[in-house]
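By convention here, the first residue in the shown sequence is residue 1. The shown structure was predicted, so the numbers you read here are calculated from the model rather than taken from an experiment. Only heavy atoms go into these numbers, but all of them, side chains included; no hydrogens, no water, no symmetry mates.
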Amino acid sequence: MKTKWVVLATVVLLFWLAGQALAQADANWPQWRGPNRDGVSKETGLLKEWPAQGPALVWKASGAGSGYSSFSIAKGRLYTMGLRGDREFVIAFDLTNGKEVWATPHGRAFRNDRGDGPRGTPTVDADRIYALGGSGDLSCLEAGSGKIVWTKNVLREFGGSNIQWGISESPLVMGNKVLVNAGGRNASIVALNKENGAVIWKSQSDEAGYSSAIPLQVNGGTQVVFFTAQRALGLDVNDGRLLWEYGKPANNVANVATPIVRGNRVFISSDYGTGGGVVEIKADGRAQEIYFTKDMRNHHSSSVLVGDYLYGFSSSILTAMKFDTGEIAWRDRSVGKGSLVYADGNLYCFSENGVVGLVEATPTGYHEKGRFRIQQGELPTWTHPVVAGGRLYLRDQDTIYAFDVKQK
């Protein structure tokens, strides 16, 4: 009888492990801020509250290297970047156990007193990875093996100069193009052939910002929206033509947050006392300002749009603001200044001091559903969180954490 129960327990365990492996194989967060670059996960069935000690730790891995790169996740693997010695690496980890699958050097080291290493997040497109390092090295790699398909330094090729805290952009892939803000004269924004890196078009002369681009479908066409060092702008993705510009949210220090799109409206924001505004792209292509407010000043973290409300860190204060009007619903210090993503009714907030919080995404008020803290080194925890496959992924420099946030 005892042997029968042992066999049964073993079978149950094997089925459970197979289910876990399948869930991770289906986990999908293929680029910066998720499938739609909006910080929103479509997952359901997640914990509505956390136990006092936080959700269960599935695995903890070292080897990510120095840097602030976040994660892209596809086909059972987690991709990130980090500095090891004098080289930046693109690194693949197994989602089930956190073991390194491959690590490929692709660029020279970026060093800075606010932390060394890469800042951008790799982009997964089918069987290829596109990664942009802190010194402007852009590489296309095979997702399966990590073999480099092509590589180039976009600052050197297009005549740009590195910015104070290093190139921080995550490449945008649209159709046959990979787009980046290279910051060169007459080559601020460049579209490259994703197969071989050949130039398709070059546009504008703005210095590079720290922000990552988003696509915009409007007026029957496709645009790409960038937030450079000088302004937000919309370009025709086919030929790079300037369609509109909006300079009011730009500051003279660092424009970092990714713009937020809903329909034909775009929200663009920065900190350093500046603020954010919504523009509406009209039928004639003009960008008409709907409002501008200092009540949502996104620094390194972008807001998320849930229903009619934006949720984001206005400098250090977590803020809920109506997208169409700028009306504030609530403010709270929450876990402290940080970054956030949304999944299954809640905001996953990660402060720069290693504190993690679960907050209900509702305009009715601030409702916290749990918090915990990860061990933090000497630098801020600026890597943005990811929720995929029922797990919450966090990083503090060389260390990656995977927590189980699936409802049992």
Checklist entry - Cut-off 3.5 Å, side chains only: do Y291 and E289 have a donor facing an acceptor? => result no
Next on the checklist: Parallel, tilted or perpendicular: which one describes the rings of Y272 and H299, with boundaries at 30° and 60°?
Outcome noted: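 Geometry flag for H299 against Y272: perpendicular rings.
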Checklist entry - When the ring planes of Y401 and F403 are compared, do they come out parallel, tilted or perpendicular, using 30° and 60° as the limits? => result parallel
Checklist entry - Closest heavy-atom contact between G240 and L235? => result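 Nearest heavy atoms, G240 then L235: O-CD2, 3.6 Å.
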Checklist entry - Do you know which two heavy atoms are closest between A250 and T274, and how far apart they sit? => result O-CG2, 3.9 Å
Item to check | Which residues share a ring-ring contact (aromatic ring centres under 6.0 Å, His included) with H384, sequence neighbours left out | outcome: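 Scan of H384 (ring-ring contact (aromatic ring centres under 6.0 Å, His included), adjacent residues dropped) gives W32, H300.
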Side-chain ion pair, [X] and [Y], N-O less than 4.0 Å:
X	Y	value
K322	D308	no
D137	K152	no
K369	E360	yes

I want to check something: taking the side chain as every heavy atom from C-beta on, are [X] and [Y] in contact at a cut-off of under 4.5 Å?
X	Y	value
L46	V387	yes
I189	T228	yes
D86	R111	yes
K75	V124	no
I214	Q223	no

Next on the checklist: Run K282 and D284 through salt bridge (charged side-chain N to carboxylate O under 4.0 Å, His left out) and show every step you take.
Outcome noted: CA-CA 5 Å; K282 311 301 284 188; D284 62 4; over 6 Å; no
Item to check | Residues T293, M321; criterion side chain to side chain contact (heavy atoms under 4.5 Å, CB included); working and verdict | outcome: CA-CA 10 Å; T293 177; M321 184 182 82; 3.9 Å; yes
Next on the checklist: Between S351 and N353, does the side-chain hydrogen bond (donor to acceptor under 3.5 Å, both in side chains) criterion hold? Intermediate values first, please.
Outcome noted: CA-CA 5 Å; S351 88; N353 296 316; 4.6 Å; no
Next on the checklist: Using the rule given for ring-ring contact (aromatic ring centres under 6.0 Å, His included), can you reason through W50 versus F372, listing the C-alpha separation, both sets of side-chain angles and the distance that settles it, and then say yes or no?
Outcome noted: CA-CA 9 Å; W50 288 343; F372 67 100; 5.4 Å; yes
Item to check | Distance under 6.0 Å and angle within 45° of ring axis: R119 vs Y68 | outcome: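 No, R119 and Y68 do not form such a contact.
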Next on the checklist: Let me confirm one number: the NZ-CG distance from K408 to D404, rounded to the nearest 0.5 Å.
Outcome noted: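 Output value for this atom pair is 3.0 Å.
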Item to check | Rounded distance (nearest 0.5 Å) linking atom CZ of R185 with atom CG of D206 | outcome: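 Reported to 0.5 Å precision, the distance equals 11.5 Å.
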Checklist entry - Would you find a donor on one side and an acceptor on the other, under 3.5 Å apart, between the side chain of D239 and the backbone of R241? => result yes
